[in-house]
Participant: 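Just passing along the structure, written as structure tokens.
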Amino acid sequence: MNLRKLSFDAVVIGGGGAGMRASLQMAKSGFKTACLTKVFPTRSHTVSAQGGITCAIASADPNDDWRWHMYDTVKGSDYIGDQDAIEYMCSVGPEAVYELEHMGLPFSRTENGRIYQRPFGGQSKDFGKGGQAARTCAAADRTGHALLHTLYQNNLKNETVFLNEWFAVDLVRNQDGVVVGVIAIEIETGEVVFVESKATVLATGGAGRIYASTTNAHINTGDGNAMALRAGYAMQDMEMWQFHPTGIYGAGTLVTEGCRGEGGYLINKDGERFMERYAPNAKDLAGRDVVARSMMTEILEGRGCGEMGDHVYLKLDHLGKEIVHSRLPGITELSKTFAHVDPAVNPIPVVPTCHYMMGGIPTNINGQAITRVNGEDQIIPGLYSCGEAACVSVHGANRLGGNSLLDLVVFGRAAGLFIEEQLHQGIDHRQASEEDISHAMSRLNRLDSNEKGEDTATLKRELQSCMQNYFGVFRDGDFMKKGREELSVMRGRIANLVIQDKSKAFNTARMEALELQNLFEIAEATAISSDERTESRGAHSRRDFPDRDDANWLCHSLYDPINQTLEKRDVNFTPKTVETFEPKERTY
Amino acid sequence: MLISIYRYNPETDREPYMQDIDVDMPEGKDLMVLDVLNLIKEKDETLSYRRSCREGVCGSDGMNMNGKNGLACITPISEVAKNNKLVVRPLPGLPVIRDLVVDMAIFYKQYERIKPYLQNTTPASGRERLQSPEDRAKLDGLYECILCACCSTSCPSFWWNPEKFVGPAGLLQAYRFLADNRDEATSERLSELDDPFSVFRCRGIMNCVSVCPKGLNPTKAIGHIRDMLLSRAT
Amino acid sequence: MVTSVLNYGRSGVHDWIVQRFSALVLAAYTLVMVGWLAMNGSDLTFLQWQGFMGQTWIRIFSLLAIVAMAAHAWIGLWTVATDYMKHRGLRVGFLGLIAISIFVYVVWGVSILWGF
């Protein structure tokens with residue numbers, strides 16, 4: 001086998017917020033860093049984040065405290081977020097956000113020139129006792145766009161090597177089990193290359209495309225997680241999928257929670273502000289899982305809007321044209337395009353839509369990937385992960401709005417800092433042998449040589465509707481069993497995909513087939529984890545087990561892809577500088 | 001509906017050709033052009049195009065639809081089709097890699113050339129640099145660019161001199177940093193642009209303005225840069 | 001690769017200013033000529049014309065207009081050539097021809113204005 005080989009100190013797979021924050025850190029220190037991304041970096045899904053980045057910089061409220069943010073996040077996670085990681089994120093957050101500002105991110109401003117902060121769901125002052133907080137730093141309603149472009153610009157400044165439009169296929173491990181790089185395809189030419197690296201960072205984002213209805217971009221196919229699963233590494237909390245309350249009905253595009261932060265609210269077909277019944281205090285700014293479930297309950301009980309009664313309305317017109325158009329210009333554009341509605345005049349039809357993967361590759365706060373060997377945590381040498389692909393875990397069973405962008409920059413940065421440190425000390429490992437490389441090539445080889453099998457488009461539809469039907473907002477053991485059966489039949493079919501188009505140059509059929517195989521790995525991990533966690537917690541809501549079960553399930557789930565079983569892993573309850581937040585009943 | 005698509009695969013086609021495809025449009029739904037391309041691709045996987053966010057913020061699917069550049073994902077068929085026909089071509093003026101995918105290297109090179117990052121060597125305090133809402137408002141209409149290249153590839157000056165004329169997208173970003181009161185490199189930035197090509201090849205025909213899917217106005221920004229260059233020179 | 005060595009001012013701003021200023025001169029000159037012709041044009045004799053053109057101020061003004069036209073033409077045609085003529089030899093040849101023509105026009109104009 002004669003593969004071209006490229007060598008780097010560090011290679012980051014994924015050019016979104018987390019990936020580029022990590023690569024920036026290492027490139028700044030002069031290490032030969034590559035950012036390998038299947039789309040041009042500013043096309044990554046971070047660009048779609050709207051509302052902002054939550055962080056206690058004490059601009060809106062001079063007395064704000066990161067510990068309050070930490071409390072909200074722990075509570076939001078339904079107590080299975082790791083408290084050491086949350087503590088790290090909330091306390092380091094301000095530094096990371098100021099760095100972004102110094103890099104040029106065009107944050108909106110307050111009258112005294114500081115960064116503008118808006119209220120978001122699940123935010124409180126004084127450990128839940130001081131009422132609604134405004135803690136989400138915003139650049140209008142285009143914060144993700146502004147953040148992603150700023151990071152790309154600063155990577156250019158610091159001369160990160162960009163491998164743009166390169167598709168990572170599988171991890172390469174040497175005979176000692178160290179991850180030493182990836183097999184990747186340069187999409188434009190179709191050439192397959194071994195990208196060798198002392199540290200490999202998976203920052204490939206989410207996999208919302210396992211569902212038929214999602215706010216996620218077409219590219220969110222969980223490539224990194226699937227690579228890790230195929231390598232036999234464990235996946236944590238994969239049953240925890242966030243359904244965003246306000247996806248535009250029909251199109252699935254996101255409408256930021258910032259709409260409700262600015263004073264918008266949800267109404268049912270009778271025009272009733274129904275969240276007052278479900279969350280008397282926080283109302284429309286309760287946790288996302290709570291709001292999404294309330295909306296589904298309204299719809300299922302016959303109070304939905306429209307002919308089919310299958311959505312509700314987000315009302316903004318009472319805020320006035322001025323506020324809607326100045327604070328939410330992007331939303332105005334989106335709802336005009338996708339719902340044919342001017343939100344300053346009419347309400348937007350919305351429905352809970354798959355939005356975020358709380359689970360992922362378990363890591364410590366340094367971004368080192370972890371797997372299980374004989375029931376014990378073990379660090380995977382050479383492999384790192386950050387951002388949505390990772391599960392560090394700061395989001396637990398439910399992520400708070402605005403915490404994903406913070407997660408990206410804090411843990412992208414942390415992984416970068418740690419790898420930098422390791423590189424300074426010197427990383428040395430055995431080179432990959434021919435056999436190691438050909439092992440990593442096997443999936444691609446099979447796809448390229450397969451002559452008979454099924455096509456990608458049909459199977460993708462089947463997979464997405466299976467996940468949508470059996471593993472959506474509300475789950476039920478019997479349904480999930482059925483879903484698992486369907487999936488187990490699908491496994492063989494998806495492994496046997498065939499592409500008619502074997503050409504090399506910009507062959508998107510090959511990409512889509514590889515992506516579907518990735519989606520399947522994620523879907524199966526989700527299905528098994530969902531079925532096995534016999535309780536309701538955060539975003540995971542079961543009709544057959546409607547209550548939270550702290551006695552048995554105050555823990556992470558860890559999916560073992562080799563035996564297809566679920567183990568339990570302890571949640572960290574020992575932050576370093578504050579007292580433990582003990583689990584309490586979660587009400588808003 | 002008849003969709004006519006520009007096809008070219010460098011491995012099998014000696015030259016590009018237009019392929020006419022009859023697409024059955026689903027009843028009662030106004031699809032976006034991207035949705036229609038997706039429908040076609042389900043039947044013919046060889047069709048290549050870029051796409052990502054499908055909501056008009058990532059800038060992947062810039063293409064030429066019935067003669068006008070735009071983003072396929074936010075262009076409704078009803079708005080763009082004429083006489084039940086739609087002609088889809090790659091963005092003009094850039095080399096075609098395959099089908100609707102163009103090589104954007106020269107476009108990105110012009111973006112990189114204007115040093116698209118904040119330059120400020122004054123050590124920052126432990127907090128953010130302050131900026132008044134008025135100063136911040138000067139960046140509105142500039143920072144929102146998504147680098148889709150619809151503007152630059154509709155600009156004749158960019159077609160003729162893509163190596164030397166920065167083009168509307170790059171110049172919009174050049175002004176984004178000139179207009180940012182946190183940036184300290186104004187003079188260096190202007191010096192880089194003060195040749196007969198980089199800025200002055202703009203003839204103000206405003207093709208860029210008419211195609212920008214984000215409603216931005218590069219011509220106006222270029223006017224501001226010219227004013228800055230003039231007031232520096234006189 | 002087109003270089004900017006041949007352009008008039010070697011700076012975009014300079015060219016831009018010269019182009020606008022020369023345009024103003026040419027516009028003013030045109031107005032004066034058209035205005036004078038409109039007032040005297042119906043039964044104009046050669047003597048009248050010679051008398052008008054022989055005045056010092058109109059001779060100076062005409063010279064300014066000729067120089068303005070030379071600069072304006074050079075900048076404009078250089079721009080057109082660098083836009084549309086991608087073959088270097090062709091472009092240099094074309095610009096050479098333009099330069100010679102402009103030079104001839106300037107000399108001819110001066111000799112008409114000051115040669116009698």
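On a predicted model such as this, the values are computed, not experimentally measured, just so you know. Numbered from 1 within each chain, the chains take letters A, B, ... in sequence-line order.
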Participant: So which residue, A/Arg510, A/Arg461, A/Met511, ends up with the most heavy-atom pairs under 4.5 Å with chain B?
Facilitator: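 Top option by heavy-atom pairs under 4.5 Å: A/Arg461.
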Participant: Check whether B/Leu34 gets within reach of chain A through its side chain, its backbone, both or neither, counting any heavy atom under 4.5 Å.
Facilitator: side chain
Participant: Check each atom of A/Glu165 against the heavy atoms of chain B and say whether the ones under 4.5 Å are side chain, backbone, both or neither.
Facilitator: side chain
Participant: Check each atom of A/Ala251 against the heavy atoms of chain B and say whether the ones under 4.5 Å are side chain, backbone, both or neither.
Facilitator: backbone
Participant: Could you tell me which portion of A/Asn112 (side chain, backbone, both or neither) has an atom closer than 4.5 angstrom to a non-hydrogen atom of chain B?
Facilitator: backbone
Participant: Quick one: what part of B/Ser125 sits under 4.5 Å from any heavy atom of chain A, side chain, backbone, both or neither?
Facilitator: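 B/Ser125 touches chain A through backbone heavy atoms alone.
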Participant: Check each atom of B/Lys41 against the heavy atoms of chain A and say whether the ones under 4.5 Å are side chain, backbone, both or neither.
Facilitator: side chain
Participant: Can you tell me which portion of A/Leu334 sits under 4.5 Å from chain B's heavy atoms? Options are side chain, backbone, both or neither.
Facilitator: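 Just the side chain, heavy atoms under 4.5 Å.
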Participant: Under a 4.5 Å cutoff for heavy-atom pairs, which residue among A/Glu111, A/His45, A/Glu333, A/Glu99 has the most contacts with chain B?
Facilitator: A/Glu111
Participant: Side chain, backbone, both or neither: which part of B/Arg182 has a heavy atom under 4.5 Å from chain A?
Facilitator: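 Just the side chain, heavy atoms under 4.5 Å.
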Participant: Taking every non-hydrogen pair under 4.5 Å, which of A/Asn216, A/Asp455, A/Thr458, A/Asn220 racks up the most with chain B?
Facilitator: A/Asn216
Participant: How about A/Cys35 and A/Met20: do any of their side-chain heavy atoms sit closer than 4.5 Å?
Facilitator: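 Heavy-atom side-chain distance check passes, below 4.5 Å.
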Participant: Given that the side chain runs from C-beta out, which part of A/His102 has a heavy atom under 4.5 Å from chain B: side chain, backbone, both or neither?
Facilitator: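 Both backbone and side chain.
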Participant: Relative to chain B, which segment of A/Ile499 carries a heavy atom at a distance below 4.5 Å: side chain, backbone, both, or neither?
Facilitator: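 For A/Ile499, backbone and side chain are both near chain B.
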Participant: Less than 6.0 angstrom from the centroid, inside 45 degrees of the normal: does B/Arg136 satisfy that with respect to the ring of B/Tyr143?
Facilitator: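 Yes, B/Arg136 lies over the aromatic ring of B/Tyr143.
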Participant: Considering only heavy atoms and a distance below 4.5 Å, find which of B/Glu42, B/Arg176, B/Arg98, B/Lys115 pairs most often with chain A.
Facilitator: B/Arg98
Participant: Please classify the contact between B/Leu139 and chain A as side chain, backbone, both or neither, with a heavy-atom cut-off of under 4.5 Å.
Facilitator: side chain
Participant: With a 4.5 angstrom heavy-atom cut-off, is it the side chain or the backbone of A/Glu512 that approaches chain B, or both, or neither?
Facilitator: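 Side chain only.
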Participant: Less than 4.5 Å to any heavy atom of chain A: does that hold for the side chain of B/Pro133, its backbone, both, or neither?
Facilitator: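 When you check distances to chain A, atoms from both the backbone and side chain of B/Pro133 fall under 4.5 Å.
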